[in-house]
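What you see is a predicted model; the values in this text were computed from it and never measured. Side chains are part of it too, since the values below use all heavy atoms of this structure and drop only hydrogens, waters and symmetry mates.
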Amino acid sequence: MSSVITSGGVDVRMLAGALADRVDGEVRFDDGSRAAYSTDASNYRQVPIGVVIPHTVEAAVEAIAACREFSAPVFSRGGGTSLAGECTNHGVVIDWSKYCNRVLSVDPDARVAVVEPGIVLDDLNAVLAPHGLQFGPKPATHSHCTLGGMIGNNSCGSSAQAYGKTVDNVRRMEVLTYQGDRFWAGPTSPGEFERIQRAGGRVAELYAAMRELADEDGDLIRERYPRIPRRVSGYNLDSLLPEAGFDVGKALVGSESTLVTVLHAELDLVPVPPPAPSWYSASRASRTPPTPPRRSPSTTR
């Protein structure tokens with residue numbers, strides 16, 4: 001591969017070499033792979049700089065560190081089911097679906113599971129089924145969409161009336177910023193906020209900035225944010241309000257790789273509902289047996 005400088009000033013050859021040397025996984029910068037990853041389920045097409053398919057979450061963290069050193073943009077991809085081009089871009093694609101797709105823990109009593117972002121929704125629910133549990137949101141692409149993609153998109157599906165959006169079912173997330181800050185994000189009590197501030201560093205700065213945003217623009221957010229069940233557009237700034245528990249995790253759901261990379265997710269689970277009767281069986285159960293017709297007395301001729 002000849003050395004190519006992109007419009008953003010990224011030396012593609014040097015970047016590809018660094019990723020190949022440092023990342024435990026597949027590093028694909030060939031034209032065929034880049035073409036394959038240039039589209040999703042939308043009408044958009046953007047040829048990426050290259051593709052990284054990490055074997056582990058730690059390998060993905062290393063890939064992002066290498067990209068940062070070359071000022072190369074990164075974005076995540078799951079099942080490629082996005083309808084608005086969210087997982088097509090001119091950057092380095094991190095494909096989580098091939099290897100980073102494990103269920104790390106299930107607590108049936110607490111109804112909580114911890115997963116890697118590349119797990120497919122149906123695969124997760126198959127693991128949960130013996131416990132009588134499931135992840136509530138169910139998009140039409142449930143057979144191949146990943147949890148990381150659902151978190152990025154704040155997916156809903158036909159079950160939204162019963163279980164809400166993905167943001168309503170995510171308890172916490174472990175996330176990584178482009179600058180390399182790694183932390184678990186979720187509801188933040190006043191005591192937890194103070195602990196983060198005492199620890200200092202960039203995470204403390206980020207939390208302080210988010211708290212300032214909520215304090216300064218809280219009234220406007222309360223007034224203007226639409227209160228509709230399936231609001232999935234824009235950032236969930238209302239999750240940063242005090243009455244929402246200053247929930248940084250929920251604020252990041254739906255941000256589509258523009259703020260952080262999701263490494264792990266702690267999910268709230270719901271019981272599997274009993275199977276609904278089929279139309280045929282329901283109609284037969286409610287059907288009144290027909291009354292035999294009355295015959296007229298026969299006459300003998």
Side-chain angles (χ1 to χ4, degrees), residues 10 12 14-29 33-34 37 48-80 87 89 91-107 112-121 123-124 127 135 145-152 166 170-186 196 199-207 248-249 252-253 255-267:
V10 178
V12 175
M14 293 292 290
L15 172 61
L19 289 168
D21 289 341
R22 296 167 55 177
V23 175
D24 176 20
E26 301 176 25
V27 177
R28 303 181 181 178
F29 276 62
S33 296
R34 293 170 62 234
Y37 281 84
I49 295 173
V51 180
V52 175
I53 308 176
H55 288 160
T56 65
V57 169
E58 297 306 320
V61 173
E62 185 63 26
I64 293 171
C67 289
R68 180 173 65 250
E69 293 173 13
F70 287 85
S71 299
V74 296
F75 61 99
S76 293
R77 183 182 176 108
C87 57
N89 212 325
V92 175
V93 185
I94 308 292
D95 182 352
W96 297 91
S97 62
K98 189 172 182 179
Y99 300 113
C100 298
N101 49 23
R102 292 173 296 177
V103 179
L104 300 182
S105 66
V106 178
D107 186 337
V112 172
V114 178
V115 302
E116 293 177 339
I119 188 166
V120 170
L121 176 59
D123 293 342
L124 169 61
V127 173
F135 186 67
C145 70
T146 65
L147 264 294
M150 291 178 66
I151 291 170
T166 296
V170 171
R171 183 172 294 196
R172 296 189 307 156
M173 301 189 301
E174 187 186 21
V175 298
L176 178 73
T177 68
Y178 187 72
Q179 291 77 17
D181 306 297
R182 183 173 178 175
F183 58 96
W184 281 89
I196 293 171
R202 275 195 49 81
V203 175
E205 294 174 4
L206 292 171
Y207 271 70
V248 175
L252 295 172
V253 172
S255 57
E256 292 285 14
S257 294
T258 60
L259 299 176
V260 295
T261 297
V262 177
L263 305 179
H264 295 101
E266 186 177 83
L267 310 173

Looking at every non-hydrogen atom in both residues, tell me the closest pair between [X] and [Y] and how far apart they are.
X    : Y    : answer
T146 : G79  : CG2-N, 3.6 Å
F135 : T166 : CZ-CG2, 4.2 Å
V23  : A59  : CG1-O, 3.8 Å
F70  : A18  : CE1-CB, 3.7 Å
L15  : A66  : CD1-O, 4.2 Å
V52  : A63  : CG1-CB, 4.0 Å

Applying salt bridge (charged side-chain N to carboxylate O under 4.0 Å, His left out), can you list everything that pairs with [X], at least two apart in sequence or on another chain?
X    : value
R102 : E116
E205 : none
R34  : D31
E26  : R28, K98

* Structure fact -> The complete set of side-chain hydrogen bond (donor to acceptor under 3.5 Å, both in side chains) pairs with one or both residues in residues 70-79, sequence neighbours excluded, reads S76-W96

For [X], all residues meeting side-chain contact (heavy atoms from CB on, under 4.5 Å), sequence neighbours excluded:
X    : answer
N89  : Q46, F75
V260 : V175, T177, L252
A65  : R22, R68

Holding to side chain to side chain donor-acceptor pair (under 3.5 Å), I want the full list of residues that pass it with [X], two or more places apart in sequence or in another chain.
X    : result
Y207 : none
D24  : H55
S97  : D95
S255 : none

With a 4.5 Å cut-off on side-chain heavy atoms, are [Y] and [X] touching?
X    : Y    : answer
D123 : N101 : no
L19  : F29  : yes
V10  : C67  : no

Measure the spacing between [atom1] of [X] and [atom2] of [Y] and express it to the nearest 0.5 Å.
X    : Y    : atom1 : atom2 : result
L206 : F183 : CG    : CZ    : 6.0 Å
I64  : Y178 : CD1   : OH    : 9.5 Å
I151 : M173 : CD1   : CE    : 6.0 Å

* Structure fact -> Between E174 and the options V262, V114, L263, T261, the side-chain contact (heavy atoms from CB on, under 4.5 Å) test singles out L263

* Hey, which of V112, V103, L147 is the one that makes side-chain contact (heavy atoms from CB on, under 4.5 Å) with L267? -> L147

